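Structure first, then comments.
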Amino acid sequence: MHNKSLSELSASLHNGEFSSVELTQHYLDRINAHNDNLNAFITVCDDRALEQARAADERLQQKTAGVLTGIPLAHKDIFCTKGVLTSSASKMLSNFISPYDATVVEKINAAGMVTLGKTNMDEFAMGSSNETSFFGAVKNPWDTSRVPGGSSGGSAAAMAARLAPIATGTDTGGSIRQPASLCNLTGLKPTYGRISRYGMIAFASSLDQAGPMANNAEDAAFLMNEMAGFDERDSTSIEHDVPDYTATLNDSLKGLRIGLPKEFFGEGLDPKVAETVEAAVKVYESLGASVKEITLPNSNLAVPTYYVVAPAECSSNLSRMDGVRFGHRCDDPKDLEDLYKRSRGEGFGNEVKRRIMTGTYALSAGYYDAYYLKAQQCRRLISDDFKQAFNDVDVIMGPTAPTTAFPLGDKTDDPVAMYLADIYTISTNLAGLPGMSIPAGFVEGLPVGLQIIGNFFEEAKLLNVAHRYQQETDWHQQTPDAFK
Ligand code: GLN
């Protein structure tokens, strides 16, 4: 069952080959067998999942079921789920049972999908390896001595090990695409504003965006159909028609203009990853696409700009975690100041503290103009580069990450080395553009992702471009031996 696509699962559920309860139990058994080793889930919702599955089976019997009704999924633990622990992988929220559902969760529930559980992640989505989680590191199913990427590392590991048929993730600087690349998945970060952020625990509000992590582009399109859309509870969500993302998957790519930014193929890129990406681009040429070199001249500003903007926003967002209203509170505070200091001191991990301090510094009077204002100006330059590029090309391609999955512990003592894992993904978030990562091959047994970046609201185009490649190749169908 666990190697079927969503449309195959849907067909089996609709024609009665198996029930949602049977399918859900199958995945719960797999989680049970493998989660101790991988640490992909923080919470497994056994009873609740079976209850949702029973309700889905009723809808299937009454012929009121939609295409995703009865199909299980895993949610990153950043999405508020009513009545279920929602921790954002932080000690700070390790006792937070959300009283409401995020819009994404609400929509997916309404479609009749079954929540298997909540996946591990970097604490408050800050990290590229899933090693900053209060609940411990996640292992990459392709090689359990290596990281799955981050911050959506639990969703990625769960998917790669076939512990769920589809999962949600969020991407502030690469957290859907980079773990998708390291775990051989199809991950889509939509245009900023395409999916509601309501009930998604905020890291950096002007960059955060939710999206699907899937086994293939068609599956991602199915979940996008449920996730996308305007939400009046999120003032940054945009009113823009939601197409049927599955309708254009098979469109021809004849005449597609692909741009390869020379800055994405320079120093720091593993030459074997570069070769793999170049081979993937050749497949597009054989499908009738044209390829040209382009330039995104301000690419070198992306990482430093992001590491001012994101910490500045997180320092503001995380100020609500104060030990008063919800979350961790220290024992026996002497007075209010002691309560704040110790609750926050005990509740946050080192990477989160580093970001709060950097962000507070960048926003403080006297430094604001030099750092935050300057970063906003750089952000505009980065965004203008893309605007210019999309005058000549339809999509931009390159590597998702500079290397394959690195060993656990390899970069934990060197934050800057860790930050560079997102060198190719961050600029997309700064510009608000949609980006994808799709499986493009292997280097020494480890997956490599091809990144595809589109213009605003071109998710359907990206999914089409990804799907046509997946018709020609079978990289996306490869699974690690231990999890067949
Ligand atoms: N790795 C980046 C960071 O640590 C991006 C994280 C994300 O996209 N949530 O901030």
Side-chain angles (χ1 to χ4, degrees), residues 76-79 88-90 119-133 137-138 147-156 167-183 185 187-190 192 195 197 200-213 302-315 317-318 348-359 362 375 379 400-403 405-406 410-412 414-437 449 451 453:
K76 185 176 182 178
D77 206 20
I78 201 166
F79 293 98
S88 223
S90 179
T119 57
N120 207 339
M121 52 183 281
D122 280 295
E123 184 179 6
F124 287 111
M126 298 175 200
S128 306
S129 66
N130 216 120
E131 293 169 291
T132 71
S133 168
V138 175
V147 304
S151 65
S152 312
S155 284
T168 55
T170 64
D171 190 313
T172 303
S175 282
I176 288 176
R177 290 161 288 157
Q178 184 257 12
S181 172
L182 272 43
C183 288
L185 304 173
L188 168 63
K189 179 207 96 73
Y192 181 77
I195 292 176
R197 292 189 301 108
M200 196 172 103
I201 296 170
F203 160 14
S205 308
S206 77
L207 302 161
D208 299 342
Q209 188 60 200
M213 299 179 77
V303 172
T305 300
Y306 174 88
Y307 279 99
V308 173
V309 173
E313 293 185 15
C314 98
S315 72
N317 275 324
L318 297 189
F348 292 133
N350 287 343
E351 182 60 26
V352 174
K353 285 179 185 160
R354 182 180 295 126
R355 307 253 182 139
I356 292 174
M357 286 192 281
T358 318
R379 187 173 184 176
T400 305
T403 64
F406 44 90
D410 206 34
K411 302 186 199 283
T412 38
D414 185 351
V416 176
M418 189 71 88
Y419 296 168
L420 290 173
D422 293 311
I423 189 158
Y424 306 127
T425 46
I426 272 174
S427 50
T428 317
N429 300 72
L430 289 166
L433 294 165
M436 270 189 98
S437 181
Q451 186 174 206
I453 301 169

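Counting convention: from 1, in listed order, for ligands and their atoms alike. Nothing here was measured: the structure is a model prediction, and the numbers come from that model.
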**OP:** May I ask you to identify, for Thr172, whether its side chain, its backbone, both or neither come under 4.0 Å of ligand 1 on a heavy-atom basis?
**Re:**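 For Thr172, the contact with ligand 1 is made by both the backbone and the side chain.
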Subject >> Location of contacts on Ala125 toward ligand 1, heavy atoms closer than 4.0 Å >> reply: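 Both of them.
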Subject >> Beyond-backbone contact of Asn120 with Asp77, side-chain heavy atoms, under 4.5 angstrom >> reply: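 Contact flag for Asn120/Asp77 side chains = no.
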For ligand 1, which atoms sit closer than 4.0 Å to a heavy atom of [X]?
{"X": "Ser151", "value": "9 (N)"}
{"X": "Tyr307", "value": "2 (C), 3 (C), 4 (O), 10 (O)"}
{"X": "Tyr306", "value": "2 (C), 3 (C), 5 (C), 6 (C), 10 (O)"}
{"X": "Gly127", "value": "1 (N), 2 (C), 3 (C), 4 (O), 6 (C)"}

Tell me whether [X] has any N or O atom under 3.5 angstrom from an N or O of ligand 1.
{"X": "Gly174", "value": "yes"}
{"X": "Thr170", "value": "no"}
{"X": "Phe203", "value": "no"}
{"X": "Arg355", "value": "yes"}
{"X": "Gly173", "value": "yes"}

**OP:** Would you tell me which option among Pro179, Gly169, Ser128, Ser175 has the nearest heavy-atom contact to atom 9 (N) of ligand 1?
**Re:**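 The nearest heavy atom belongs to Ser175.
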**OP:** Distance to 0.1 Å, residue and atom name: give those for the protein heavy atom nearest to atom 2 (C) of ligand 1.
**Re:**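 For this ligand atom, the closest protein heavy atom is Asp422 OD2, 3.0 Å.
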Could you verify whether a donor N or O on one side chain and an acceptor N or O on the other, from [X] and [Y], lie under 3.5 Å apart?
{"X": "Asp122", "Y": "Ser151", "result": "no"}
{"X": "Glu123", "Y": "Ser90", "result": "yes"}
{"X": "Ser152", "Y": "Lys76", "result": "yes"}

**OP:** Only one of Leu185, Thr425, Thr400 passes side chain to side chain contact (heavy atoms under 4.5 Å, CB included) with Ser437; say which it is.
**Re:**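 Among Leu185, Thr425, Thr400, the one that satisfies the side chain to side chain contact (heavy atoms under 4.5 Å, CB included) with Ser437 is Thr400.
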**OP:** Can you measure from OH (Tyr306) to CG (Asn429) and round to the nearest 0.5 angstrom?
**Re:**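 That separation rounds to 7.0 Å.
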Subject >> Contact summary for Tyr424 and Gln451, nearest pair of heavy atoms >> reply: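 For Tyr424 and Gln451, the tightest heavy-atom pair comes out as O-NE2, 2.9 Å.
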**OP:** Keeping the roles fixed (side chain from Asn317, backbone from Phe203), state whether a donor-acceptor pair exists under 3.5 Å.
**Re:**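 Present.
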**OP:** Answer yes or no for Ala310: is there a heavy-atom contact with ligand 1 below 4.0 Å?
**Re:**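 Checking ligand 1 against Ala310, which is what was asked, there is no heavy-atom contact under 4.0 Å.
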**OP:** Using the side-chain hydrogen bond (donor to acceptor under 3.5 Å, both in side chains) rule, take Ser128 and Gln178 through it: C-alpha gap first, then chi angles, then the decisive distance, then the call.
**Re:** CA-CA 8 Å; Ser128 306; Gln178 184 257 12; 4.9 Å; no
